[in-house]
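Have a look at the structure below before the remarks.
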Amino acid sequence: MSAAAMETLRTLEALEREGLVPADPRLAAAAEAMAIALTPEMLGLIRRDDPADPIARQFVPSVAETEIAQGELADPIGDEARSPVKGIVHRYPDRVLLKPLHACPVYCRFCFRREKVGPGGDALSTDEMAAAIAYIRARPEIWEVILTGGDPLMLAPRRLADLLAALDAIDHVGVIRLHSRVPIVDPSRVGDGLVEALRPRRAARWLAVHCNHPRELAPAARAALARLAEAGLPLLGQTVLLAGVNDDPDTLDALMRALVTARVKPYYLHHPDLVRGTGHFRVSIEKGQALMRALRGRLSGLAQPTYVLDVPGGHGKVPIGPGYLGDDPGAAGPDGLVVRDPFGGEHRYPG
Ligand SMILES: *Cc1c(COP(=O)(O)O)cnc(C)c1O
Ligand code: SF4
């Protein structure tokens with residue numbers, strides 16, 4: 001077998017046959033804790049001569065996952081605490097997450113829902129979906145519904161169309177946002193059926209794609225994104241800051257440019273969450289801020305994501321800088337400020 005494998009790899013044995021993992025019995029625990037899935041598209045992007053390949057690092061299990069550090073959490077962003085009915089997370093008054101299924105096209109080893117995602121099993125039943133939709137229908141303050149999971153584009157196009165139609169029928173829902181990794185990691189799924197299902201009807205529909213490395217935006221992924229843009233979906237990008245994948249200015253610079261040229265507006269750069277067994281992906285906030293400063297000096301405003309932290313415990317996301325304004329210690333009055341320019345220079349500004 002080679003990079004031409006046509007099916008998603010789902011076992012340690014399959015990864016071993018591809019030479020992507022050693023035959024190490026300790027990997028069984030990592031595979032047990034989270035399912036494996038590596039699509040042919042992503043397999044084809046892995047550079048076999050690079051032992052630290054940033055594509056492989058995201059999807060291929062490693063022994064480091066079995067090391068649980070102090071402070072790491074099973075539910076790092078507190079989804080459970082904010083779930084009034086199965087499949088719904090309601091943390092902000094005007095918007096809810098709706099998670100129709102837990103399957104994804106790939107399993108990202110750093111996933112903040114790594115204890116929940118996996119193939120099969122835990123999709124909402126017909127009755128549970130009806131209850132989730134009834135929850136939204138009964139609350140006029142819910143203006144935006146965010147379909148996530150798992151990956152909502154793993155639903156069969158027909159089921160996705162039915163779900164979107166049910167949300168379109170609720171007048172107070174103004175926006176339906178879908179979060180997906182499918183266009184990037186499994187672009188062949190973005191066929192006519194899926195594009196038709198997604199085509200906006202009444203409520204505005206936005207699609208946020210998860211993409212962490214510029215090489216993920218290969219020609220097939222870019223073509224899938226173009227089909228979605230041409231169907232009328234505004235596209236947003238979300239990236240997780242990950243050690244050994246994208247924690248350097250050149251990689252982030254190339255990624256943000258690649259997104260914008262694929263008509264994807266970078267939305268969030270997520271500080272990595274305190275997920276159990278993901279210490280090898282963690283980056284300090286100080287380093288994250290330095291990277292954001294570097295991007296500010298190098299990239300168009302169109303290409304700037306907001307660097308955010310999801311406050312553990314279900315308290316919500318906040319931007320974590322860096323800040324460009326500070327107090328001016330040399331000012332005569334109480335209001336003097338110092339502002340830092342995009343190139344690192346500092347300037348006094350009257351408060
Ligand atoms: C991230 C998230 C949202 C969406 O937040 P935005 O900042 O609007 O993108 C909504 N609900 C929950 C529970 C979330 O985790
Ligand atoms: S696609 Fe998203 S939800 Fe699924 S494993 Fe990756 S990060 Fe987690």
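Position 1 is the first residue of the sequence, and the numbers go up from there. Each ligand, and each atom within it, is numbered from 1 in the order the structure gives.
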For Ile77, which of Asp273, Val89, Leu274 qualifies under side chain to side chain contact (heavy atoms under 4.5 Å, CB included)?
Asp273
The test is salt bridge (Lys or Arg N to Asp or Glu O under 4.0 Å); show your working for Arg298 and Asp250 and say whether it passes.
CA-CA 10 Å; Arg298 290 161 69 145; Asp250 290 342; 2.8 Å; yes
Starting from the C-alpha separation in whole Å, work towards a yes-or-no answer on salt bridge (Lys or Arg N to Asp or Glu O under 4.0 Å) for Glu80 and Lys116.
CA-CA 11 Å; Glu80 295 290 310; Lys116 284 286 177 340; 3.1 Å; yes
Give, for atom CG of Leu242 and atom OG1 of Thr251, the distance between the pair rounded to the nearest 0.5 Å.
11.5 Å
Quick one: are the ring centres of Tyr135 and His90 less than 6.0 Å apart?
yes
Report the C-alpha separation of Arg201 and Asp168 in whole Å, then their side-chain angles, then the decisive distance to 0.1 Å, and conclude whether the salt bridge (Lys or Arg N to Asp or Glu O under 4.0 Å) test is met.
CA-CA 7 Å; Arg201 304 285 198 276; Asp168 259 339; 6.0 Å; no
For the side chain to side chain contact (heavy atoms under 4.5 Å, CB included) test, which of Arg189, Arg181, His102, Arg159 pairs with Met154?
Arg189
What protein atoms of element N, O or S are positioned under 2.8 Å from atom 6 (Fe) of ligand 2?
Cys108 SG
Run the numbers on Thr11 and Ile36 for side chain to side chain contact (heavy atoms under 4.5 Å, CB included), then give the verdict.
CA-CA 6 Å; Thr11 62; Ile36 294 169; 5.8 Å; no
Around ligand 1, what residues show up once you keep those with a heavy atom under 4.0 Å from it?
Val89, Arg91, Tyr92, Arg95, Leu97, Ile146, Arg177, Tyr267, Tyr268, Lys317
Strictly by modelled atom types, are His347 and Asp341 linked by a side-chain donor-acceptor pair under 3.5 Å?
yes
